[in-house]
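Notes for the one structure printed next.
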Amino acid sequence: MADSEGPRPTFWIPTQSTEDPNRFEFVARQGACAGPPERQFLMGGVSMAAGVHALETAIGRPLLWATAQFAGGATLNSRIDITVRKLAEGRTVVQAVADLTEDGRSVLHVSAALGGWDDSEGRQFLNMPPVPPPAECAESHEIPFSRDDNLAGRIERRSVHQDDATAEEMVWVRVKDTGPADAARLSLISDFFLGAHTRTRGGRSLDNTVRIHALPKTDWVLNVTRMSGFAAGVAHGVLYQFGEDGTLLTTASQTGLLPPR
């Protein structure tokens, strides 16, 4: 990005209603979609990012954790309605949900907690593995159907390590030209869970959980994915996200359908 240019619009941010602050609208434009030209679809991580942004905006508090259940797909140019609803509110934490629908059909359901208090007792027990910085890692081109105008073209990946025997992958990831990572961006980036093992490539995510540890300013995010195992036709596993300075950003976990052989 040239110094004279500002960041690109963050393509996952929905439009808040001027009449009801708990309602939002999101259109699945080209930059939020993946897939072949004749069958482009809204990536689940983008819809989760839109839901997280809506929750933080409507509730007015930062995300602590969010669990997304991918209930149905959406295609290019779909209009998605987002409704935020509080379930419970205490002195420091609000429990809330966001429902994303298209013409009344469920696309995504997000359960979340937002708020918290001062971080004077904040501690990090999990350390980032020793890895080279992004500039010293080879660019990864493993996202299919990548073009400049679609989602895959907006994601930059630098491969560090991948091993099917241990079902582990480490890769630096960033969303090009959209600014430093926040809760919504990290939710989007964490959805690159499937693909860490070659058997999972082409699979479909059923859910995604993101737990926020810290949000320091960082451009690149290290995704450390560890598959727990395959069972009943699905893959289970965890994903840790670290900033460039080694700060633990999130702990994520996911279950995804294995693609048919």
Side-chain angles (χ1 to χ4, degrees), residues 1-12 31 34 43 45-46 48-49 52 62-63 119 122-148 150-198 200-201 208-228 237-254:
M1 181 176 66
D3 292 339
S4 60
E5 297 176 352
R8 292 185 191 180
T10 41
F11 51 86
W12 57 83
M43 180 191 171
V46 177
M48 183 176 183
V52 166
L63 187 75
D119 204 28
R123 296 179 64 185
Q124 177 176 329
F125 299 104
L126 186 67
N127 294 322
M128 186 173 79
V131 298
E136 296 179 12
C137 299
E139 188 171 354
S140 172
H141 299 281
E142 293 179 353
I143 305 177
F145 306 108
S146 177
R147 302 192 309 274
D148 288 342
N150 72 355
L151 176 67
R154 293 188 172 192
I155 304 294
E156 190 172 357
R157 291 162 49 96
R158 300 290 177 90
S159 180
V160 178
H161 170 77
Q162 192 276 329
D163 187 348
D164 277 356
T166 59
E168 182 178 68
E169 179 188 55
M170 288 183 276
V171 59
W172 289 105
V173 187
R174 69 173 175 177
V175 186
K176 296 178 184 177
D177 303 343
T178 58
D182 56 14
R185 286 174 179 81
L186 293 172
S187 298
L188 192 164
I189 294 172
S190 72
D191 194 39
F192 286 97
F193 167 80
L194 293 178
H197 188 289
T198 54
T200 67
R201 292 171 188 172
N208 193 31
T209 296
V210 176
R211 304 183 189 278
I212 305 296
H213 290 279
L215 294 174
K217 187 173 181 179
T218 185
D219 187 22
W220 289 90
V221 174
L222 180 69
N223 276 5
V224 178
T225 305
R226 291 173 178 150
M227 295 281 177
S228 306
V238 296
L239 184 149
Y240 303 102
Q241 295 181 306
F242 295 91
E244 293 172 82
D245 64 354
T247 300
L248 178 64
L249 307 177
T250 78
T251 300
S253 61
Q254 190 170 129

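Residue numbers run from 1 in the order of the sequence given. Values reported hereafter were calculated over all heavy atoms of this structure, with side chains retained and with hydrogens, waters and symmetry mates removed.
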side-chain contact (heavy atoms from CB on, under 4.5 Å) assessment of Trp172 paired with Glu244: CA-CA 9 Å; Trp172 289 105; Glu244 293 172 82; 4.0 Å; yes

Evaluate the criterion side-chain contact (heavy atoms from CB on, under 4.5 Å) for residue pair Val160 and Val224; output intermediate values, then yes/no. CA-CA 10 Å; Val160 178; Val224 178; over 6 Å; no

Do you see a donor-acceptor pair shorter than 3.5 Å between the side chains of Ser187 and Asn208? no

Any donor-acceptor pair under 3.5 Å linking the side-chain atoms of Thr247 with those of Asp245? yes

Measure from the side-chain N and O atoms of [X] to the backbone N and O of [Y], and report whether any donor-acceptor pair falls under 3.5 Å.
X	Y	answer
Thr200	Gly195	yes
Arg226	Glu168	no
Trp12	Met48	no
Glu156	Arg174	no

4.5 Å side-chain heavy-atom contact, [X] and [Y]:
X	Y	value
Pro133	Trp220	no
Phe192	Val171	no
Asp191	Gln254	yes
Val238	Thr251	no
Leu186	Val52	no
Arg185	Thr10	yes

Going from [atom1] on [X] to [atom2] on [Y], what distance comes out if it is rounded to the nearest 0.5 angstrom?
X	Y	atom1	atom2	answer
His161	Thr225	NE2	OG1	11.0 Å
Ile212	Leu249	CD1	CG	8.0 Å
Cys137	Met170	SG	CE	10.0 Å
Asn223	Glu169	CG	CD	8.0 Å
Met43	Asn150	CE	CG	11.5 Å
Gln124	Leu248	CD	CG	5.0 Å

Tell me which one of Asn127, Leu126, Thr250 satisfies side-chain contact (heavy atoms from CB on, under 4.5 Å) with Phe242. Leu126

What pair of heavy atoms forms the shortest contact from [X] to [Y], and how long is it?
X	Y	answer
Arg158	Ala135	NH1-CA, 4.0 Å
Ser190	Leu239	O-CD1, 3.7 Å
Gln162	Thr198	NE2-N, 4.2 Å
Ala184	Ala49	O-CB, 3.3 Å
Gly243	Thr218	CA-OG1, 3.7 Å

